[in-house]
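Step one of this worksheet: look at the structure below.
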Amino acid sequence: MARSSQTYIDSFLKDFGERHAAEPEFVQSVREVAGSLGGLLDKHPEYQDAAILERISEPERLIQFRVAWTDDAGKVQINRGYRVQFSSLLGPYKGGLRFHPSVNRSVLQFLGFEQIFKNSLTGLWLGGAKGGADFDPKGKSDAEVMRFCQAFITELANYIGPDTDVPAGDIGVGSREIGYMFGQYKKLAGEFHGSLTGKGVDWGGSNLRPEATGYGLVYFVEAMLQERDDSLDGKTVAISGAGNVAQYAAQKALQQGATVLTMSDSDGTIYDADGIDNEKLQYIMKLKNAERGRIREYANKYETAEFKEGQAPWGVKADVYLPCATQNELDEAGAKQLVVHKPLIVAEGANMPTTPEAYQVLRQAGIAFGPGKASNAGGVAVSGLEMAQNSSRTQWSHEDVDERLQSIMQDIHAKCVKYGKDDTGATDYVRGANAAGFQRVAQAMLSQGIV
Ligand code: NDP
């Protein structure tokens, strides 16, 4: 006999929190999903009987391995590599690799758990995974990065493949790192196939994969605005981060007629009151991608800009905020700063950039909030399209992929509205995304038996 769904969720979360006391990020992400499933579990008591929550929050497999490599001085270096193969219910394991000193089991389990539901929302056949290493590419030479990537993928090669597990990029893993890993993987496998996504467009990659997360985020924001008969045209946008997601979110926001006021990195924020236009954005792309420089250099080049050392963009007044850097970057104090400006929307480009306390502040202020698992799903969606193109050895045009991406983001938005609209007509996007993503996974779990 099923207990009331709220009692069940509370008891599940208490047990989960105790079992994972040393893994705060993982607990935070499970709490965020489970906490908004009350309504769905009321309608589906069979999910409780089949222990869907307990099973889905336990990774199918967690691989940890040593990565030994030699630096330019000939000194042996050791890093720790991981792959969390969380769920294969909906397809081959799929999710990015992160190279950053903060990488550990807790961070990767949180990211892998999020990925299950994000991938589910795309409607594609994609399982959920995440991986990476506590390696810091910053300050390393190109040759060091190559040797590290080769050592890392040599070990991971035992566990991946086009129908098994298909990693992609994330923080610290861009086209350079994917190239080095793909080259070494191909040598080991003796075959050219799509075991990694984010490949170069001339050697198996998809058009629009680099742009996909940022563009998809802006398409999602446009859909949110359209719900209220509005658009991005003429709006001001504050973006955090200056990496892959932030750059292409800025580019698409500009194309939609918005003014982009800020970008940032872990040193601080640049605020350009005149707006970061296309030419200035090209400068940032060159600075961050080719020269691997710091965002503060922008303020030296453009006198309309100010560099706010150690600050995030939340103090700058804007209509739309897009956190696109890293987890927990928008905390309660930041949210309190931000709500003063009465923005229309906060939408996550990064994974879990908003702390639970900050989310409560935004919610109470009535600000529409796009959760990452819905709003940043464009990247993995185009990775899924890259897998489809690799399987059929074809390449779709830029326009074709863009059309599919727009349609996927609109579809995800529609699912959020369907599952998240309340009696007043307002949409709770967090509840909608979690319920829609979870339901597809739960149904697959019921159908596939206890395995
Ligand atoms: P990049 O490595 O390209 O860029 C990361 C950016 O975030 C850099 O500007 C970096 O600055 C900044 N940053 C990292 N850590 C911190 C920190 N602790 N404090 C402040 N700034 C920080 O990564 P991506 O753009 O690919 O990823 C950004 C976010 O988007 C991540 O949360 C990722 O998981 C998520 N995401 C990425 C997808 C993709 O397709 N790439 C898909 C979906 C989500 P600095 O140079 O100083 O470190």
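Only heavy atoms go into these numbers, but all of them, side chains included; no hydrogens, no water, no symmetry mates. Atoms within a ligand are numbered from 1 in the order they appear, just like the ligands themselves. On a predicted model such as this, the values are computed, not experimentally measured, just so you know.
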Any idea which part of [X] is under 4.0 Å from ligand 1, heavy-atom wise: side chain, backbone, both or neither?
| X | result |
| --- | --- |
| R209 | side chain |
| E329 | neither |
| S264 | backbone |
| C324 | backbone |

Can you tell me if G349 contacts ligand 1 (heavy atom of the residue under 4.0 Å from the ligand)? yes
Heavy-atom contact check, 4.0 Å cutoff: does Q327 meet ligand 1? no
Which word best sums up how the rings of Y298 and Y283 line up, parallel for under 30°, tilted for 30 to 60°, or perpendicular for over 60°? tilted
Could you tell me how the ring of Y215 sits relative to the ring of Y219: parallel (under 30°), tilted (30 to 60°) or perpendicular (over 60°)? perpendicular
Look only at the side chain of H100 and the backbone of S102, and say whether a donor-acceptor pair between them is shorter than 3.5 Å. yes
Donor-acceptor contact below 3.5 Å, side chain K308 vs main chain Y271: no
Under 4.0 Å from a heavy atom of [X]: which atoms of ligand 1 are those, numbered in the order shown and with their elements?
| X | value |
| --- | --- |
| R98 | 31 (C), 32 (O), 33 (C), 34 (O) |
| K138 | 45 (P), 46 (O), 47 (O), 48 (O) |
| N376 | 43 (C), 44 (C) |

Would you check if the distance from the ring center of F307 to the ring center of Y302 is below 6.0 Å? no
F99-F152 aromatic ring centre distance below 6.0 Å: yes
I need the nearest protein heavy-atom contact for [atom]: residue, atom name and distance, please.
| atom | value |
| --- | --- |
| atom 30 (O) of ligand 1 | A350 CA, 3.4 Å |
| atom 38 (C) of ligand 1 | T213 OG1, 3.7 Å |
| atom 32 (O) of ligand 1 | N351 N, 3.1 Å |
| atom 19 (N) of ligand 1 | S266 CB, 3.8 Å |
| atom 31 (C) of ligand 1 | A325 O, 3.5 Å |
| atom 33 (C) of ligand 1 | D170 OD1, 3.1 Å |
| atom 46 (O) of ligand 1 | R294 NH1, 3.3 Å |
| atom 17 (C) of ligand 1 | T326 CG2, 3.5 Å |

Side-chain donor-acceptor pair present, D331, T355, cut-off under 3.5 Å: no
Would E60 and Y93 count as having a side-chain donor-acceptor pair, cut-off 3.5 Å? yes
For atom 37 (C) of ligand 1, state which one of N328, N244, V245 supplies the nearest heavy atom. V245
Out of G243, A168, G172, who gets a non-hydrogen atom closest to atom 2 (O) of ligand 1? G172
Does the pair L156 and L97 meet the rule for a side-chain contact (heavy atoms from CB on, under 4.5 Å), with working shown? CA-CA 11 Å; L156 192 62; L97 296 172; 4.1 Å; yes
Any protein heavy atom sitting closer than 4.0 Å to atom 10 (C) of ligand 1? no
Sequence neighbours excluded and cut-off under 3.5 Å, please list the side-chain donor-acceptor pairs for residues 174-181, or say none.
{"from": "R176", "atom 1": "NH1", "to": "D142", "atom 2": "OD1", "distance (Å)": "2.9"}
{"from": "E177", "atom 1": "OE1", "to": "G174", "atom 2": "N", "distance (Å)": "2.8"}
{"from": "Y180", "atom 1": "OH", "to": "D142", "atom 2": "OD2", "distance (Å)": "2.9"}

Residue pairs fulfilling salt bridge (charged side-chain N to carboxylate O under 4.0 Å, His left out) with at least one residue in residues 110-134, sequence neighbours excluded: E114-K373, K130-D170
Between D72 and R147, does any side-chain N to carboxylate O distance fall below 4.0 Å? yes
